[in-house]
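Numbered from 1 within each chain, the chains take letters A, B, ... in sequence-line order. Just so we're clear, the structure is a prediction, and the values are computed from it rather than from any experiment.
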2 protein chains.
Amino acid sequence: MGRKRTKSGKIRLAEVAELAGVSPITASRFFRNPEALSVAKRARVESAARELGYVPNLAARALASQRTEVIAVLIPSLTNNVFSDVLRGIYDASEGGRYSIQLSNTRYSILQEERLLRLFLAQKPAGLIVTGIDQTAESRAMLEAADCPIVQIMELGPAPVDMMIGFSHYEAARAAIAHLFAQGCRRIGFVGARMDPRVQRRLDGYVSAMKDAGLFDQHLLVTTATPTSVTLGGTLFADLLGREPNIDAVFCANDDLALGVLFECRRRDIIVPDQIAIVGFNDLEFMASAVPTLTSVRTNRYEMGRAAATMLIEAIEGRRPEQPVLDLGFKVIERQSSLAQRADSQPALSGMAAGRTK
Amino acid sequence: MGRKRTKSGKIRLAEVAELAGVSPITASRFFRNPEALSVAKRARVESAARELGYVPNLAARALASQRTEVIAVLIPSLTNNVFSDVLRGIYDASEGGRYSIQLSNTRYSILQEERLLRLFLAQKPAGLIVTGIDQTAESRAMLEAADCPIVQIMELGPAPVDMMIGFSHYEAARAAIAHLFAQGCRRIGFVGARMDPRVQRRLDGYVSAMKDAGLFDQHLLVTTATPTSVTLGGTLFADLLGREPNIDAVFCANDDLALGVLFECRRRDIIVPDQIAIVGFNDLEFMASAVPTLTSVRTNRYEMGRAAATMLIEAIEGRRPEQPVLDLGFKVIERQSSLAQRADSQPALSGMAAGRTK
DNA sequence: AGGAACGTTGACAGCGCTACCAGCTAAGAC
DNA sequence: GTCTTAGCTGGTAGCGCTGTCAACGTTCCT
């Protein structure tokens, strides 16, 4: 008969109920839907729980209720500053609530993503945040079949699985190039690393803008699958210069690369922006502080994470947003590194071009 | 009698057992301790599980076994590059194994940390990774009482709760200052932000080194509780210069500040290192790429995370390390920004001073 | 006053898995 | 040949909580 499992002396819901003088189920309701209790019992259960230091057993709750209070998050990288901002937004928005975040790293592999998705979905998460719109067909099918709200973040696309928060990398890149055109630049190089889908779309935007102006030239492109870094920015730029010495601007797929380009210019005594203009992407904090200050395309990463988690939690709790797709837009923050006319003026946020798709 | 909960059509362990022609408990054992089964049954269960696409229900497992396979990680910040490296190490080491990572952010508050600790511990994690050695008395007591392995990371201290992996921030700072002394610097400023316990200990190391040399001066210190940033590095340095125009070096509590100082020097046409030497801390990737290249104290952040998770998992599985405290050391990476004699030479990693406490 | 409607409470069973222990078989010891 | 030991397998009984539904008491309506 009975076994001798260590009882562990833990406070269970039954103890709380007993002290409060109610049935266990009433105590249970107190934690899930306090409004359903009479004011008197609510107070009794609350004080009993506090007195005993009750902490619910999540495993038991998950088993009995057939759902968890876990929000699963799939991102491609932990190193990339971009994602740490997004994550901070997600964690901030979930803080204090009942949901806990389960984070996993796909390492930019959609197969890895598929594997993780299968794993997560089996645990019936309350909600899911996935990066981007490029999933395997299998992943896509699992997402469609999942019975929890899902938010896709980082970019926009034609067919959201459920909800979607991002901006158009394509349009953002076009806006950056338009800005360079406005400064009189014509031979604009492109420097990109990693070449994940979002960088690829920035490249597409660059290519289309250049083609529209009749200025596209294959030789202006330097890309690599290598993960991005400041040092790599310098290296790629050196490659580009070796091949095309008379470029007048460089559009970098991210800010690390841009900083690397800036340092390489300094190393070669190339004056920025007089000889070469530089534009980055993301507007990380250091861009405003560099000498010269660096132009970049500002993206709302923290806000994206925050909005994604907030929207997801709302949806989990049954309040679906009236607008399931959210375009957070971007802004070209014009700084010294690309303002040909007034290169020597004060470091200033002299103007901007903002964009919002559709 | 019976209720009508949605059976969800999920594959349970019982289904696998039935298909394999064994009892559920045998199937259960297959997943926990395959060696205990005969080879024949092992193969049968394995193929049955694969055929049905069985995924274990973690909640049921946790409830029945009274323990989870979750490693809880408490770190103070998600933004800080330092922690993203550590985290990457932790995630890499846990990948492919049975343990999942539950991450939480204390925001540099030990009260917040205490709250999270209480929350996590109630769910009986398999293991725990906490940052630093400055916990509240209450937290400390909870950690001591916890019945799972615990690793403290980021620094070393006299009384580990259990295991500990880090290095001496105090000695690392002293080594940085010793390097500057060796370059002939005497009026060495200190720039620090956030002033969390580890930055504080770097400051302590700086102070002690300066006092040892009879060169300490309260006015050489600029610190703030504000979170760190590149821009802030410039601002703090400007403060310092305003007060003490004739300093000959700056030791920055981290690399972001150092980069800000470098930009501020450039803005003011101060030649680095001829007029002022700069030393940072952590050796982030961009330090080697800056112009001039920036000296920094290299810390093994990725390795720290990796070792912490590896050691923790080993301990969880009963293989306690023979050496529970691991000093990962540091290295002063000497670069142009602090090499007075050969400021114009090639960017080189000309030499280094390594340190390991005790 | 009778009945409907509502708000509140509790009994019961079981979510899917594993700890414990007993039993069974085959191999080795004497 | 019997006894012991080891290796493997299975039965039983929950782990702590919640879904379902019935029952209760109260209020409000006609």
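Taking 4.0 Å as the cut-off between side-chain N and carboxylate O, A:E15 and A:R12 count as a salt-bridged pair.
In this structure, of D:dC17, C:dC17, D:dC15, it is D:dC15 that holds the atom nearest to the side chain of B:L63. Closest to the side chain of A:V22, out of D:dG16, C:dG10, C:dC17, is C:dG10. Of the candidate nucleotides D:dC17, D:dG19, C:dT18, C:dT18 has the atom nearest to the side chain of B:R61. Checked against C:dG16, C:dG14, C:dA19, the side chain of B:N57 finds its nearest nucleotide in C:dG16.
By the salt bridge (charged side-chain N to carboxylate O under 4.0 Å, His left out) test, B:R118 is found to be paired with B:E114, B:E138, residues two or more places apart in sequence or in another chain being considered. Partners of B:D147 under the side chain to side chain contact (heavy atoms under 4.5 Å, CB included) rule, at least two apart in sequence or in another chain, do not exist in this structure. A:F120 is linked by a ring pair (Phe, Tyr, Trp, His ring centres under 6.0 Å) to nothing, counting only residues two or more places apart in sequence or in another chain. Take A:R198 and apply the salt bridge (charged side-chain N to carboxylate O under 4.0 Å, His left out) test, not counting sequence neighbours, and it matches A:E155, A:D196. Checked against salt bridge (charged side-chain N to carboxylate O under 4.0 Å, His left out), A:R61 has the following partners two or more places apart in sequence or in another chain: A:E69. For the salt bridge (charged side-chain N to carboxylate O under 4.0 Å, His left out) test, no residue two or more places apart in sequence or in another chain qualifies with B:R67. Applying the ring pair (Phe, Tyr, Trp, His ring centres under 6.0 Å) test to B:Y302 and every residue at least two apart in sequence or in another chain returns nothing.
The stretch residues 25-32 of chain B touches DNA chain C through B:I25, B:S28, B:R32, each having a heavy atom within less than 4.0 Å of the strand. Shown for residues 36-43 of chain A: no residue has heavy atoms falling under 4.0 angstrom of DNA chain D.
Each of B:G21 and B:A60 was assigned the nucleotide of DNA chain D with the nearest heavy atom; the assignment lying further toward the 5' end belongs to B:G21.
Using a 4.0 Å cut-off, some side-chain N or O of B:S23 falls inside it from OP1 or OP2 of D:dG10. The side chain of B:Y54 contributes no N or O atom lying less than 4.0 Å from OP1 or OP2 of C:dG16. Phosphate contact (OP1/OP2 of C:dG14, side-chain N/O of A:Q66, threshold under 4.0 Å): absent.
Straight-line distance from the CG atom of B:N33 to the P atom of D:dC8: 10 Å, rounded to whole Å. Rounded to an integer number of Å, the gap from A:E69 CD to D:dT18 C1' is 12 Å. Look at CZ on A:R44: it is 15 Å from P on C:dT8, rounded to the nearest Å. With rounding to whole Å, B:K124 atom NZ is found 17 Å from C:dT18 atom P. Straight-line distance from the CZ atom of B:R12 to the P atom of C:dT18: 13 Å, rounded to whole Å. The separation between A:I11 atom CD1 and D:dC15 atom C1' is 16 Å, rounded to whole Å. The interatomic distance linking A:R67 (CZ) with C:dG16 (P) rounds to 15 Å, in whole Å.
Considering only heavy atoms from C-beta on, A:F30 stays 4.5 Å or farther from A:K41 through its side chain.
Annotation: the terminal axes of the helix from C:dA1-D:dT30 to C:dC30-D:dG1 meet at 30°, where each axis is the rotation carrying the C1' atoms of four end pairs onto the next four (5 pairs per end, rounded to 10°).
The two residues A:D134 and A:I110 have their closest heavy-atom pair at O-CG2, 3.1 Å.
Identified under the ring-ring contact (aromatic ring centres under 6.0 Å, His included) test for residues 32-77 of chain B, with sequence neighbours left out: B:F31-B:Y54.
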Acceptor/donor pairs from residues 44-52 of chain B side chains to any protein atom, 3.5 angstrom cut, sequence neighbours excluded:
from, atom 1, to, atom 2, distance (Å)
B:R44, NE, B:A20, O, 2.8
B:R44, NH2, B:A20, O, 3.1
B:S47, OG, B:R44, O, 3.3

